[in-house]
A.B. asks: 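One structure, as C-alpha cells, below. Some questions next.
Keep in mind that what you see is a predicted model, and the values were worked out from it rather than measured. Sequence lines set the chain letters: A, B, ... in the order given, protein chains first and strands last, and positions in each chain run from 1.
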Number of protein chains: 4
Amino acid sequence: MSASELSYTFLGPEGTFTEAALLQVPGAVEATRVPCSSVNTALERVRQGKADAAMVPIENSVEGGVTATLDAIATGPELRIVREALVPITFVLVARPGVRLEDIRRISTHGHAWAQCRLWIEENIPHAEYVPGSSTAAAAVGLLDEDPHYDAAICAPLVAAERPGLNILAENIGDNPGAVTRFVLVSRPGPLTPRTGADKTTVVVPLPEDRPGALMEILDQFASRGVNLSRIESRPTGQYLGHYFFSIDADGHAEDSRVADALAGLHRISPATRFLGSYARADQEKTPVVPHTSDAAFAAAHAWVNGILAGAPGVLAGPQGTPVI
Amino acid sequence: MSASELSYTFLGPEGTFTEAALLQVPGAVEATRVPCSSVNTALERVRQGKADAAMVPIENSVEGGVTATLDAIATGPELRIVREALVPITFVLVARPGVRLEDIRRISTHGHAWAQCRLWIEENIPHAEYVPGSSTAAAAVGLLDEDPHYDAAICAPLVAAERPGLNILAENIGDNPGAVTRFVLVSRPGPLTPRTGADKTTVVVPLPEDRPGALMEILDQFASRGVNLSRIESRPTGQYLGHYFFSIDADGHAEDSRVADALAGLHRISPATRFLGSYARADQEKTPVVPHTSDAAFAAAHAWVNGILAGAPGVLAGPQGTPVI
Amino acid sequence: MSASELSYTFLGPEGTFTEAALLQVPGAVEATRVPCSSVNTALERVRQGKADAAMVPIENSVEGGVTATLDAIATGPELRIVREALVPITFVLVARPGVRLEDIRRISTHGHAWAQCRLWIEENIPHAEYVPGSSTAAAAVGLLDEDPHYDAAICAPLVAAERPGLNILAENIGDNPGAVTRFVLVSRPGPLTPRTGADKTTVVVPLPEDRPGALMEILDQFASRGVNLSRIESRPTGQYLGHYFFSIDADGHAEDSRVADALAGLHRISPATRFLGSYARADQEKTPVVPHTSDAAFAAAHAWVNGILAGAPGVLAGPQGTPVI
Amino acid sequence: MSASELSYTFLGPEGTFTEAALLQVPGAVEATRVPCSSVNTALERVRQGKADAAMVPIENSVEGGVTATLDAIATGPELRIVREALVPITFVLVARPGVRLEDIRRISTHGHAWAQCRLWIEENIPHAEYVPGSSTAAAAVGLLDEDPHYDAAICAPLVAAERPGLNILAENIGDNPGAVTRFVLVSRPGPLTPRTGADKTTVVVPLPEDRPGALMEILDQFASRGVNLSRIESRPTGQYLGHYFFSIDADGHAEDSRVADALAGLHRISPATRFLGSYARADQEKTPVVPHTSDAAFAAAHAWVNGILAGAPGVLAGPQGTPVI
C-alpha cells in the first residue's frame with residue numbers, strides 16, 4: 001500500500017494545529033486527510049476501519065493533558081499509538097478587514113486558546129468578552145459568516161494564511177512563547193513499531209484499590225527497573241470520586257527487557273492495564289540504560305534462573321529423577 | 001462577625017451547581033453571594049479582601065480535576081481551602097415553550113455538561129449540533145434572548161426551576177447517574193480549621209527533577225507515614241513539556257503528627273511545596289490510624305530522641321561537660 | 001539406589017545434636033554416617049563425591065547463625081540444601097562417677113553450649129572455670145581419658161546415654177528451655193526437590209556496592225513480589241570491613257513464579273548471587289500467597305506481554321510486515 | 001578527672017589485640033587497665049561503676065560480628081559507645097625454644113584465630129591438631145606451663161614480644177593480609193560525644209513483626225533520609241527461630257538532623273529500639289550530605305510546618321479565633 005492510499009482522520013477543522021501535526025507524517029501530504037469534529041469521531045473511524053490512523057492532541061505544555069484524548073484511548077476497543085509529533089503553539093488575532101483593535105468587543109476561540117492568551121488580552125483589549133468556540137479554526141472561519149456575533153478570533157497562523165478574507169491584527173499573542181502541543185498518531189493494534197533506542201511506551205493503569213501505597217506499587221514497577229516516566233496523568237474512571245486510572249508515558253520500548261518486565265509487573269498488580277504502544281520519540285533523544293537493567297542483564301538473569309529450574313542429574317536422585325530424600 | 005455579614009464569591013452565574021454547593025455552607029443563605037465569570041475572578045476577589053471566601057469546583061467524578069481551579073490555587077498569593085462540598089450532578093434539557101424534542105437542531109451548554117450527556121443525546125437527538133456555552137446556566141438563560149441561535153440547553157435543575165420561561169423536556173439525562181462534583185471553599189491564610197478526625201489536607205508539590213523515582217519519593221512521604229491519598233492530579237507548570245506539579249489530597253489534618261511530619265518531608269524534597277489547607281471531609285468518614293503513626297507514637301519518638309540529644313552527666317565527662325575521650 | 005547405600009557426613013563426633021538431626025532423615029539409620037571434625041570437612045567430602053550429603057547446623061535460636069556453615073556454603077564449588085531439620089537443644093551436666101556438684105572446679109564444653117548454660121552455671125557452680133572444647137561430645141568423652149584436666153562436661157543427652165562411664169549430675173541446664181537448632185542437609189547441585197507449597201529457598205547475595213539503599217534494593221526483590229523472609233544474616237566477605245554478603249531464607253520454592261522472578265531480579269542487581277536450594281520446611285507450614293503474586297498472575301502477565309511483543313498484522317503494515325509510518 | 005585516674009576494662013588477657021586497641025585511646029597508657037575474662041565481665045564492671053569504660057571487639061573483617069559483644073550491648077542496662085578503634089590483625093606462630101616446625105603436632109589458639117590461619121596451617125603443618133584456647137594470649141602463655149598438652153600457639157605479635165620464653169617460628173601467618181578488627185570503647189549513658197562531621201551512630205532495632213517488608217521499613221528510615229549504613233548484623237533475640245534484632249552502624253551523628261529524624265522513625269516502628277551512641281569514625285572520613293537532608297533543610301521544613309500550625313488571624317475567624325465556618 002503506498003502512502004497516498006492511506007487515509008488519516010484528525011481533530012479538525014482544517015487549519016488547526018492538529019493538521020499541522022499530521023502534515024509532519026511522511027506521506028501525509030499525498031494521503032487522504034479527513035477532519036473530524038471530535039477526538040472521539042476521529043478515533044471511531046479508525047476503530048471501524050474507515051481510516052488507517054488518527055492524529056489527535058494528547059498534551060499541551062501549558063494546559064496539560066487533553067482529557068478527551070486520554071479518556072478516548074483508555075476505553076473502548078484497543079488502539080495503538082504509532083508516532084508522536086510536537087507542534088509549537090503560536091496564536092494570531094484575526095478580524096474582518098476594517099476592524100481595528102479598539103473596535104473589538106467580543107472574541108471567539110477554543111477555550112484552551114483563550115486560556116493561553118489571557119494575559120495579552122487583558123493588557124491589550126481588557127474589556128473583551130469571551131465567546132466559546134468549538135475550535136480555533138471554527139472561530140476564525142465563523143467571522144466570514146454573514147452576521148457573526150463576535151468581532152475577532154484567536155487562531156493558528158495556518159488558518160489565517162489560508163483565508164484571504166481574514167486580517168491579522170496581532171501575532172504571537174500567546175502568553176507562553178515556548179508553548180508546544182504533543183500529538184499522537186493512533187492506529188489499530190498491529191506489529192510493534194521498530195525499536196530505535198529513543199522510544200516511548202504509553203500505558204493506562206487503573207488504580208487497583210484505594211489503599212496507602214497502591215500508586216507507589218505501580219510506580220515502583222518502573223523505578224525498580226530504572227525506567228523513567230516522562231508523563232503521568234490521573235484521570236477519573238467516572239465511576240465514583242477517588243477512583244482513578246493513570247495514563248503514563250515511560251522511556252523505552254516494549255522490546256526493551258526492562259520495559260517488558262515492568263509491563264508484566266503492572267499487569268499482575270492491575271490486570272486491566274492497557275498497552276497503548278511503543279513508538280519513537282519526536283526529539284530522538286536516546287534513553288540511557290544502567291547496566292543492571294540492560295537487555296543483557298535480563299537475559300543473563302533468566303538464563304541463570306532457567307538453569308536452576310532445569311537442574312542437573314544429582315547423586316541423590318532416584319530412578320524417576322526425583323531426589324530420594 | 002455574623003454569618004450574614006460575610007461575603008462569598010462563586011463561579012457563576014446563579015443557578016449553577018457551584019451556587020448549590022455554596023448554599024450548603026451554614027449561613028450562606030443570608031450572606032452576600034457574588035457570582036463571578038471565572039474561577040480566577042472569584043479567587044482574585046478573595047485575595048484582594050473584597051470577599052471572605054470563594055466556592056469553586058475542584059473535581060468531577062466524570063470529567064476529572066477542574067484545571068482552572070487547580071492551577072489558580074497553585075500559583076499567586078497563597079489561599080486556604082477551609083471546607084469541601086459534594087453536589088450530585090443531574091442534568092435537564094430545557095427549551096422555550098412549544099419546542100418539542102423532534103424540533104431540536106442545535107443545543108448549547110458548557111463543554112463538560114455536553115460531555116456528560118453525550119450518550120443520551122446520541123440516542124435521543126442523534127443529529128443535534130453542539131453550540132459551546134460559557135456555563136450551563138448561561139446556555140439556559142440565553143434561550144430567553146430575542147433570537148437565540150440554538151433551540152435547547154442542558155442545565156442544572158435549579159436553573160430551570162427558577163425561570164418560568166423555560167420548559168423541561170427531559171430530566172436526568174446525564175450518562176452517569178452517580179456523577180458528583182466536589183467543590184471547595186477557599187479563603188485567605190489564617191488559623192487552621194479545627195481538627196475533626198475526619199479531615200483532608202491539600203498540598204501542591206512541584207516535581208523537583210526529572211529523574212527515575214522523584215515522584216515515588218514524594219509519595220513515600222505519605223505512604224511511609226501511613227497517610228492515604230484520596231486525590232492526585234498532575235498538572236504542567238507551563239514551563240516545558242514534562243515539567244509537572246502534583247495536586248494532592250491526603251487523609252488527615254496538619255495537626256495530626258503523621259501529616260505534619262509528611263509535610264516537613266515534602267518541604268525538604270520540594271521546598272516550593274504549597275500548603276492549601278486542612279479541612280473536614282464532606283462525608284465525615286473518620287480516618288483510620290495505625291498505632292505506629294499515631295500522635296502518641298510520634299510524641300514518644302520525639303521525647304526519646306530529645307532525651308538522647310540532652311544526654312545525662314556521665315563519668316567520662318570532663319569539667320566542661322564534654323567527654324574527656 | 002536404596003537408602004542404605006547412601007553415605008552421609010555430619011559435624012561430629014557421634015552423639016552431637018547434628019547426628020540427632022541426621023537421624024531424622026528417612027533411611028539415615030541404615031545409611032553410612034561419617035562424623036567429620038569440621039563443617040568444612042563434612043562439606044568437602046560431598047563436593048568430592050565421597051559422600052552423598054552432609055548434615056550441618058545453620059542456625060541456633062539462641063546463638064544465631066552458624067558462621068562456619070554460612071561461609072562454607074557461600075563460597076567454593078556450589079552446593080544445594082535439600083532438606084532442613086529442627087532439633088530442640090537440651091543440655092546435661094556429666095562427670096565421672098563419684099564426682100559431686102560441689103567438687104566441680106573446671107567444666108569443658110563447646111563455646112556455644114557454654115554460652116547457653118551460663119545462668120545455670122552462675123547460680124549453681126558460680127566459681128567454675130571454663131575449659132574450651134571442640135564439641136560437646138568431645139568434652140564429655142574427654143572425661144573418660146586417663147587424666148582429664150577438667151571435672152565435668154556439658155553435652156547433649158544422647159552422648160550421656162551412650163556412655164556408661166558418665167554420670168548425669170543435672171538435666172535441662174540450658175538457660176532457654178525453647179532453644180532449637182536448625183540443621184540443613186547439603187548435597188551437590190541436581191534437580192530441584194519437589195515443590196510442596198510449604199517450602200524455603202536459600203540464597204547468598206553479595207552486596208553490590210556501598211551506597212544508600214543497596215540492601216533495600218535487594219530486599220525489595222522479595223517484598224515487591226510478596227515473598228516473606230524467614231532469615232537474613234550479614235556476613236563479611238573477608239575482603240575489607242563493610243563488605244558484606246547476605247545469606248537469606250525466603251518463603252517459597254524456585255518453581256513458584258514469584259520466587260523465580262525474585263531470583264532473576266537478584267541476579268541482575270548482584271550477578272554473583274548464589275542459589276543454595278529450595279526445600280520443604282520442617283514445620284510444613286504452607287506459605288500464603290496473595291492473588292497478584294500467584295503463578296496464575298505471573299502466567300497471565302507473561303502471556304499478555306508476549307501477545308504485545310508478537311503483535312498482529314495491522315492495516316498500516318507495509319509489504320515486509322513493518323509499519324509504513 | 002585526669003586521664004590517669006580513669007579506669008578501663010578490656011577483653012583480656014594482656015597482650016591481645018584488644019589491649020592494643022585500648023592503648024590507642026589518649027591517656028590509656030597511664031590509666032588503670034583491667035583485663036577481663038569475657039566481654040560480659042568487662043561490660044558489667046562498667047555498668048556497676050567499677051570502671052569508666054570497656055574496650056571490646058565488635059567486628060572482624062574476616063570472621064564478622066563479634067556476637068558476644070553485639071548481644072551484650074543490646075540487652076541489660078544501657079551503655080554507650082564513645083569511640084572506635086581499628087587494629088590490623090597479624091598472627092605469629094610461637095613455641096618453646098628448641099621446638100621446630102616439623103615437631104609440631106598440636107596447636108592451641110582462640111577459635112577465630114585458628115579460622116584465620118587455616119590455609120597457612122594446611123600448607124605448612126597439614127597434620128596439626130587443633131586444641132581450643134580461650135584466647136590467643138592464653139594459648140601462648142599456656143606454653144610456659146610445666147606440661148602443656150600442645151606444642152605451639154598462634155597469637156598476636158605483642159604477646160610474643162613480651163614473653164622471653166617464647167620463640168617465634170613464623171610471622172604473618174594469617175590467610176588474609178588485610179585483616180582488621182574493629183573495637184569499641186563502651187561507657188555508661190551520658191552527654192553525646194562531640195559531633196565531628198565524620199561520625200557513626202550505632203543502634204539496635206528489634207524486628208517488630210514477621211511480615212513481608214518489616215525490615216525494609218526499618219532500612220527505609222535511613223535510606224529515605226540519605227543516611228548510609230556501614231554495618232548491619234542480624235542477631236536472634238533468643239526467643240524463637242526467626243525472631244531477630246538488627247545491630248546497625250549508620251553514618252552520621254545523632255545531632256545531625258537527618259540521623260535524629262531517622263532515630264525517631266525507628267522508635268515509632270520499633271519502640272524498643274536502643275541507641276548505642278554517636279562517635280567519631282576511626283578513619284575520620286567525612287560523611288557526604290545531599291542538600292535536601294542537611295540540617296538547614298530540616299530546619300527550614302520544620303519552620304515551615306510550624307508556621308502552618310501557628311496560622312495567622314484570618315477574616316473568617318470568629319471571636320475565639322476559630323473559623324466560623
A.B. asks: Please look at D:Ser270 and chain B and tell me whether the side chain, the backbone, both or neither of the residue comes under 4.5 angstrom of a heavy atom of that chain.
C.D. replies: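 Contact with chain B is absent: no heavy atom of D:Ser270 under 4.5 Å.
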
A.B. asks: Hey, mind stepping through B:His302 and D:His267 against side-chain contact (heavy atoms from CB on, under 4.5 Å) and telling me if it holds?
C.D. replies: CA-CA 9 Å; B:His302 286 121; D:His267 185 90; over 6 Å; no

A.B. asks: More than 12 foreign heavy atoms under 6.0 Å from CD of D:Gln48: is that the case here?
C.D. replies: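 It does: D:Gln48 CD has more than 12 such atoms within range.
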
A.B. asks: Can you name the closest pair of heavy atoms from B:Asp220 and D:Asp220 and give their distance?
C.D. replies: OD2-OD2, 3.4 Å

A.B. asks: Once rounded to the nearest 0.5 Å, what's the spacing between atom CG of B:Leu309 and atom NE2 of D:His253?
C.D. replies: 9.0 Å

A.B. asks: Hey, does B:Asp261 have a side-chain heavy atom less than 4.5 Å from the side chain of D:Val305?
C.D. replies: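 No, too far: nothing below the 4.5 Å cut-off.
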
A.B. asks: For the side chain of B:Arg268 and the backbone of D:Phe298, is there at least one donor-acceptor N/O pair under 3.5 Å apart?
C.D. replies: no

A.B. asks: Write down the atom of D:Ala301, the atom of B:Ala264, and the distance for their closest heavy-atom approach.
C.D. replies: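 Closest pair (atom of D:Ala301, atom of B:Ala264, distance): CB-O, 3.3 Å.
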
A.B. asks: Top residue by heavy-atom pair count (under 4.5 Å) with chain D, among B:Ala297, B:Ala303, B:Ser224, B:Ala280?
C.D. replies: B:Ala297

A.B. asks: Measure across D:Leu263 and B:Trp304 and return the closest heavy-atom pair with its distance rounded to 0.1 Å.
C.D. replies: O-CZ3, 3.4 Å

A.B. asks: Pick from D:Ser278, D:Ala254, D:Gly49: which one has the most heavy-atom pairs with chain B under 4.5 Å?
C.D. replies: D:Ala254

